[in-house]
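Remarks on the structure that follows.
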Amino acid sequence: MSLRVFNTSTGQKEEFIPLREGHVGMYVCGVTVYDYCHIGHARAAIVFDTVYRYLQHLGYEVNDVCNFTDIDDKIIKRANEENIGWQEVTEKYIQAFYEDMGQLNITPPTTEPKATDHIDGMLDMVSSLIEQGKAYEAEGDVYFSVRNFAEYGKLSGHNLDDLKAGARVEPGEHKRDPLDFALWKKSKPGEPSWDSPWGPGRPGWHIECSAMSRHFLGTQFDIHGGGKDLVFPHHENEIAQSQGCSGTPPVKYWLHNGFVNINEEKMSKSLGNFFTIRDILERYHPEVLRLFLLSHHYRGPIDFADQYLEDAKKMLNRFYELFDKVNSALGTSSLDIYIQQIIDNNKLASDFVTRFEQAMNDDFNTALALAHMNEELTRLNKEITEMYSDPIKVNNELVLIDDDVARLYYCGKKILGIFHSDPHIYKLWNIDHLNLDTENVEALIKQRKAAREAKDWAKADECRDALTALGVVLEDTAQGTVWKVK
RNA sequence: GGCGCCGUCGCCAAGUGGCUAAGGCCGAGGUCUGCAAAACCUCUACCGGCGGUUCGAAUCCGCCCGGCGCCUCCA
C-alpha cells in the first residue's frame, strides 16, 4: 500500500505521487518571532517533522523548508513596547525557537530562511504581478486584486461573495476591493523599511512564503503544510500570488494540522489561554509532549490537560522499561547498534513494521501506528517474560527478540521522533526537578540491602518508604536493586 | 448570516458499509515477589437521539440535541 494524504484543496485523501520521482519538496509555514512558542506551534512542528521523517523512511530525498517571519506588525509592536530594536526581538525569539525545537527533537529542516533575507524575491514577484495587471499600487501600498484571480477561494472553499460580507477595509488602506490584500505596505516614519519601486515600505505577510518557496523549491512543489488557521487567508493568498506570477498552481498537496484546545476552546495568543513549550517542559519530559501530540490524528483537534500528559507519560514509560531492560542486558547503546545493523542488512521488514507502515501510509495515522507499537510492546514483553522463566530458551531466542525490539525502537526513534533519550537516563529525568540527593538515595538502598539480607523486613520497608517519599521507586531484579524517579 | 468540523468504554483515542468495535490511562481479580515495583494473564462499550437507504451501518442520507472552528492577527 502506498502513501495517501488528505489534501485540503480537494477535501480528499489522495495517493501521494511526487512531482519528481524520489524527491519531495516541502514547505511548512514557520513562526512569527515575537514571542516564545506555545503548544500549538509545538504541534505543527512535531506533525510536520514526523511527515518529514516518514517521507525519508520511505526513501524520498526531502527538501524541507520552514521559514521565520521576522518582519511583521507584532514584531514592531513588541520592539516598541520593550524599547528595543526589532531585530533584537527577532534574534531573541529565533534563538528561543531553536532551543525549544531542539528539546522537542525536531529534525532541523533543510533550510530555515528568514523573510527579511528574501525581500528582493518578494519585490520581483510584486512587480511581476503589477505588470500582469493582477496587482496595483495605491499611495505607496501595493494590493493584490482578488477579482482578477479566478480561482480565489478554491482552497478554503469560499466564494468571493460570501467572503465579501465579512471583509472590511482598515482606515488608511486604499484597496479597490475590500477583499484585496496587501503585497507591500508603505512604512510609517520610524518603522523598518526597504526601498522599492513604490517607495520605502515592507512586505505584506503572505508574499514572503510565496517568494521563499519559489526560491528554494521552484514554482511547483509537492507539499505545503501549516496549521488549519492558515488555510484562510494566508494560504489562499499564497496561491493567488504564486499562481498569479507563474500561471501554475504552486502546491500539489496542502496539509493542515488541527488546533490544540484548552477546555475545548482554541488555544491562541488572542484568547490568552496558551501554554508555552517552556511551561510544559518544566514539568514533563519533551518526549511526553511529543507522544501526547502524536497519539491523536494530526488533522483533528486536541484538548490539552495535564491528565493527558500523565497518560502519555505512562505509555512512554512502558516502552522505556523494555529498552532499558534490553540495553542493560546487552550493553549500553546496544539498541542503537542493532538499529544500524538492521538497516545495513536490510532486515527492517516484519509483520509489525508492515502494520506500522500501513497506519502511517493512511494519511500519517500516528495514533493507529502507536496502537500497533503498544501491541508489539506487549508481545515482546510476553516473550521476554517467558524466556526468563525458561533459561534454556534465553540463549537460543534472545537474538530473535533483539531484532524485533530494534524494529520497534526504530519506528519510534527514527519515524515518530520519540525514544531519543538513553533509556536509563530517561528514567532519571525528574532528578533535577526533585532536587534529589543521589548519595542519600544510594545510602538508603545499601541500608535496605543489608536489612533484606538479615531478613529484617520491617527495616527494609522503612528504607523503601523513605525513598518513596523522595519520589524514588525501587525494583529488585536478578541483577540487583535498581531505582528510578517516579 | 455564509462555509465547515466534531459527538465511539469512567477518561484519552483509532476505526468511516460486513470477522468477536484497535490501543493507552484508570479500576477489579490473578501470576511473580519477603512485601513491593516492573512484566504478564483475565474482566469492563451495541458507537449523542430519532427516522431512512441497504441483505447488512458507529461508518451513507435526513431531521433534532450538544460542542467547536474559519469568514479579522493566529500553528
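Every chain is numbered from 1, with letters handed out A, B, ... down the list of sequences.
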Take atom [atom1] of [X] and atom [atom2] of [N], then tell me their distance rounded to the nearest Å.
X	N	atom1	atom2	value
A:L474	B:A36	CG	P	14 Å
A:E236	B:U72	CD	P	12 Å
A:M387	B:C32	CE	P	20 Å
A:Y308	B:C26	OH	C1'	13 Å
A:E376	B:G24	CD	C1'	16 Å
A:L179	B:C71	CG	P	13 Å
A:H297	B:A22	NE2	P	20 Å
A:I277	B:A75	CD1	P	12 Å

Report yes if a side-chain nitrogen or oxygen of [X] is closer than 4.0 Å to either non-bridging phosphate oxygen (OP1 or OP2) of [N]; otherwise report no.
X	N	value
A:N381	B:C40	yes
A:R379	B:G23	no
A:K77	B:C73	no

Can you tell which of [options] lies closest to the side chain of [X]?
X	options	value
A:V31	B:A39, B:A75, B:G24	B:A75
A:A367	B:A75, B:A14, B:A37	B:A14
A:R464	B:C35, B:A75, B:A39	B:C35
A:T385	B:A14, B:A39, B:G24	B:A39
A:A460	B:G34, B:A22, B:G24	B:G34
A:F259	B:G34, B:A13, B:G69	B:G69
A:E375	B:A22, B:A13, B:C40	B:A22
A:K484	B:C40, B:G34, B:A37	B:A37
A:R448	B:G34, B:A37, B:A14	B:G34
A:R452	B:G69, B:C25, B:C35	B:C35

Looking across every strand, which nucleic acid part, if any, lies under 4.0 Å from [X] by heavy atom: base, sugar-phosphate, or nothing?
X	value
A:L230	sugar-phosphate
A:M267	base
A:A371	base
A:D229	base
A:K266	base
A:K74	sugar-phosphate
A:V260	base
A:G300	nothing
A:T477	nothing
A:G40	base

Which nucleotide, in any strand shown, forms a Watson-Crick or G-U wobble pair with [N], with both distances under 3.5 Å?
N	value
B:G29	B:C41
B:C55	B:G18
B:G66	B:C6
B:U72	none
B:C46	none

Spacing of the [atom1] atoms in [M] and [N] (rounded, Å):
N	M	atom1	result
B:C6	B:U16	P	13 Å
B:C71	B:A13	P	24 Å
B:U54	B:C12	P	37 Å
B:C26	B:G67	P	31 Å
B:C25	B:C32	P	23 Å
B:G52	B:G17	C1'	16 Å
B:G56	B:G30	P	46 Å
B:C63	B:U53	C1'	15 Å

Within 45° cone of A:F259 ring axis and under 6.0 Å: A:K266 NZ or CZ: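 Here A:K266 passes the 6.0 Å and 45° test against A:F259.
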
Any sub-3.5 Å donor-acceptor pair from [X]'s side-chain atoms to [Y]'s backbone N or O?
X	Y	value
A:N263	A:E265	no
A:T366	A:A369	no
A:D49	A:A45	no
A:D70	A:T116	yes

Letter per nucleotide, 5' to 3', of nucleotides 2-10 of chain B [B base touched, S only sugar-phosphate touched, - untouched; heavy atoms, 4.0 Å]: BS-------

Of A:Y34 and A:S295, the one whose closest RNA chain B nucleotide lies more 5':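 In this pair, the answer is A:S295.
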
Enumerate, atom names and distances included, each donor-acceptor pair closer than 3.5 Å involving a side-chain atom of residues 455-463 of chain A, sequence neighbours excluded.
residue : atom : partner : partner atom : Å
A:D456  : OD1  : A:K459  : N            : 3.2

Test item: side-chain donor near acceptor, [X] and [Y], under 3.5 Å:
X	Y	answer
A:E191	A:W86	no
A:Y152	A:N237	yes
A:H235	A:H206	no

Member of A:K484, A:E287, A:H424 meeting the side-chain hydrogen bond (donor to acceptor under 3.5 Å, both in side chains) criterion with A:Y320: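 Of all the options given, the one that passes is A:E287.
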
Sole residue of A:H297, A:H296, A:R290 in side-chain contact (heavy atoms from CB on, under 4.5 Å) with A:L294: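 Single side-chain contact (heavy atoms from CB on, under 4.5 Å) partner of A:L294 among A:H297, A:H296, A:R290: A:R290.
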
Plane angle bin for A:F68 and A:F97 - parallel if under 30°, tilted between 30 and 60°, otherwise perpendicular: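 Rings of A:F97 and A:F68: perpendicular, over 60°.
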
